[in-house]
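Throughout, numbering of the chain's residues begins at 1 and tracks the sequence.
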Amino acid sequence: MKTRRNDPCPCGSGKKYKHCCLNPASAVNDELKQLLAGQEFNSIEEVQAMVNQFMQQRNQKPQDDYQGLSSEQVHRMLNFPLDSPWFFSFPEVLSTEPDTPILTLIQWIADATDEKGLKATAKGNLPQKLCRHAALDYRKELPDDDIHHRMSVNKEEDFIDLHVTRIIMELAGFLRKTKGRFFLTRKYHQLVDQVGNVALYPKIFDTFCREFNWGYWDRYPEIPFIQQSFLFTLYLLRQHGDDWNPPEFYTDAFLKAFPMVVDEVEPLPYMTAEDEIRHCYSLRALEKFLQFMGLAKIEKIPSGKPFSHDYRIKKRPLLNEVVRFSV
């Protein structure tokens with residue numbers, strides 16, 4: 001079957017065919033032409049075998065656009081992130097106690113839920129009292145000018161971080177709702193009572209990356225590739241997170257590696273498609289993923305405009321506990 005312009009490139013780079021090997025002047029085609037020039041073959045099978053060997057070797061070469069990773073490694077990151085232990089692995093139990101925003105909110109829900117359960121609202125949400133108290137506690141760790149301090153919490157959806165946490169607990173099988181009441185499951189108690197948060201966090205992390213839709217809590221287009229490339233984002237933070245960097249540093253690296261993602265959105269009257277991707281990646285991947293999961297620290301920087309801030313980001317030690325790269 002013929003590869004179309006917008007299909008994934010058969011070389012495994014993760015880019016669209018039109019942005020990769022379709023270009024007749026691309027390096028891969030030039031190299032292949034030089035390899036085949038002057039060669040004599042007895043069958044088409046011999047030609048194909050040489051081409052396959054060439055592509056395999058090339059896919060294993062480090063690429064600058066991929067921060068020194070090979071096309072093969074990026075292909076595994078995108079398509080088999082949890083099934084490539086020779087490149088990267090995720091321990092089922094951490095060696096140190098994790099301290100993260102999402103675990104703080106899980107603890108609030110767990111503490112409020114006894115053997116009789118926690119009464120849900122008429123709409124099936126967490127009770128208002130719990131949401132308000134959790135929000136007040138949550139805000140203590142935030143800067144005084146953070147937007148959370150200005151938000152009134154009257155229902156679960158007003159406290160979106162708590163709302164997302166409840167959804168993730170349900171997706172992970174740790175919380176269920178029966179007859180208008182929330183209950184912690186046997187799965188939750190067995191894991192937490194016997195091992196603790198060092199075993200709970202990896203399960204929550206896995207659910208957040210694979211089952212929860214990152215586009216749920218913002219108004220940007222779906223752009224599922226941002227979530228699909230979560231492991232590449234972790235690799236970027238692992239490589240550069242020892243130093244404080246602005247979000248633009250990471251959005252630049254993301255778009256350099258995957259320029260085809262710009263084609264997934266339509267430009268807005270007030271924003272280009274590239275700018276939309278940059279804003280969405282910064283929010284979903286850096287703030288709502290890395291910070292919320294406790295993998296990175298974000299520090300606000302005053303911009304000189306009312307209620308507006310820039311920020312810089314740096315990795316936290318938990319990153320090296322959660323994912324181990326063998327590259």
Side-chain angles (χ1 to χ4, degrees), residues 94 97-220 227 283-284 287-295 298 307 318:
L94 306 180
E97 187 73 14
D99 177 19
T100 74
I102 191 171
L103 287 182
T104 297
L105 295 175
I106 287 175
Q107 193 63 52
W108 265 98
I109 295 174
D111 289 345
T113 309
D114 56 21
E115 298 81 7
K116 298 179 180 180
L118 176 66
K119 184 175 175 58
T121 66
K123 292 185 177 181
N125 292 331
L126 297 171
Q128 182 189 70
K129 184 177 180 180
L130 167 62
C131 296
R132 286 181 169 176
H133 287 178
L136 289 173
D137 183 68
Y138 197 66
R139 291 167 179 169
K140 293 178 183 178
E141 304 298 324
L142 302 175
D144 293 338
D145 55 357
D146 191 278
I147 191 173
H148 284 82
H149 290 286
R150 303 193 300 275
M151 297 175 63
S152 176
V153 176
N154 295 309
K155 57 184 183 300
E156 182 183 312
E157 290 90 341
D158 292 338
F159 188 5
I160 189 64
D161 290 9
L162 181 66
H163 179 56
V164 167
T165 298
R166 192 261 292 178
I167 291 173
I168 292 172
M169 288 184 72
E170 290 178 327
L171 289 174
F174 295 142
L175 188 71
R176 62 180 174 84
K177 185 167 52 182
T178 304
K179 296 181 179 180
R181 303 187 77 87
F182 290 103
F183 293 89
L184 296 171
T185 64
R186 180 180 300 177
K187 178 181 178 180
Y188 174 87
H189 283 297
Q190 287 179 337
L191 198 65
V192 174
D193 295 347
Q194 296 178 14
V195 187
N197 284 341
V198 291
L200 176 66
Y201 181 92
K203 299 295 185 183
I204 292 295
F205 176 87
D206 180 88
T207 301
F208 188 93
C209 293
R210 291 204 299 172
E211 297 186 49
F212 175 68
N213 178 7
W214 289 12
Y216 178 76
W217 55 9
D218 63 57
R219 298 181 180 180
Y220 287 103
Q227 183 167 353
L283 177 64
R284 287 185 191 170
E287 297 182 53
K288 298 301 185 181
F289 172 43
L290 296 182
Q291 179 179 235
F292 189 55
M293 296 301 294
L295 303 170
I298 285 181
F307 307 116
L318 181 61

[X] and [Y]: which non-hydrogen atoms are nearest, and at how many Å?
X	Y	value
Val198	Pro202	O-CD, 3.3 Å
Leu118	Ala112	CD1-O, 3.4 Å
Val153	Arg132	O-NE, 2.8 Å
Pro98	Leu103	CG-CD1, 3.4 Å
Cys209	Trp214	CA-NE1, 4.3 Å
Thr121	Pro127	CG2-CA, 3.9 Å

Distance (rounded to the nearest 0.5 Å) between [X] [atom1] and [Y] [atom2]:
X	Y	atom1	atom2	value
Tyr138	Trp108	OH	CH2	13.5 Å
Phe212	Thr165	CZ	OG1	9.0 Å
Ile106	Leu162	CD1	CG	10.5 Å
Arg284	Tyr216	CZ	OH	13.5 Å
Leu130	Asp111	CG	CG	9.5 Å
Leu126	Lys123	CG	NZ	14.0 Å

Can any side-chain N or O of [X] pair as donor or acceptor with the backbone N or O of [Y] at less than 3.5 Å?
X	Y	result
Thr113	Leu184	no
Tyr201	Met293	yes
Arg181	Lys116	yes
Thr207	Glu211	no
Lys177	Gly124	yes
Asp137	Ala134	no

Side-chain touch [X]/[Y], heavy atoms, less than 4.5 angstrom:
X	Y	result
Leu105	Arg166	no
Leu200	Phe174	yes
Leu318	Leu94	yes
Leu295	Phe289	yes

_Parallel, tilted or perpendicular, judged at 30° and 60°: which one describes the rings of Trp217 and Phe292?_
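Perpendicular.
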*Do Glu156 and His163 meet the criterion of a side-chain donor-acceptor pair at a distance under 3.5 Å?*
yes
*Step by step, work out the side chain to side chain contact (heavy atoms under 4.5 Å, CB included) result for Asp161 and Lys288.*
CA-CA 9 Å; Asp161 290 9; Lys288 298 301 185 181; 3.9 Å; yes
*asked:* One pair to check against side chain to side chain contact (heavy atoms under 4.5 Å, CB included): Leu175 and Tyr188. What are the steps and the verdict?
replied: CA-CA 8 Å; Leu175 188 71; Tyr188 174 87; over 6 Å; no
_Electrostatic pair Lys203:Asp206 at N-O distance under 4.0 angstrom_ =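 Asp206 and Lys203: not salt-bridged.
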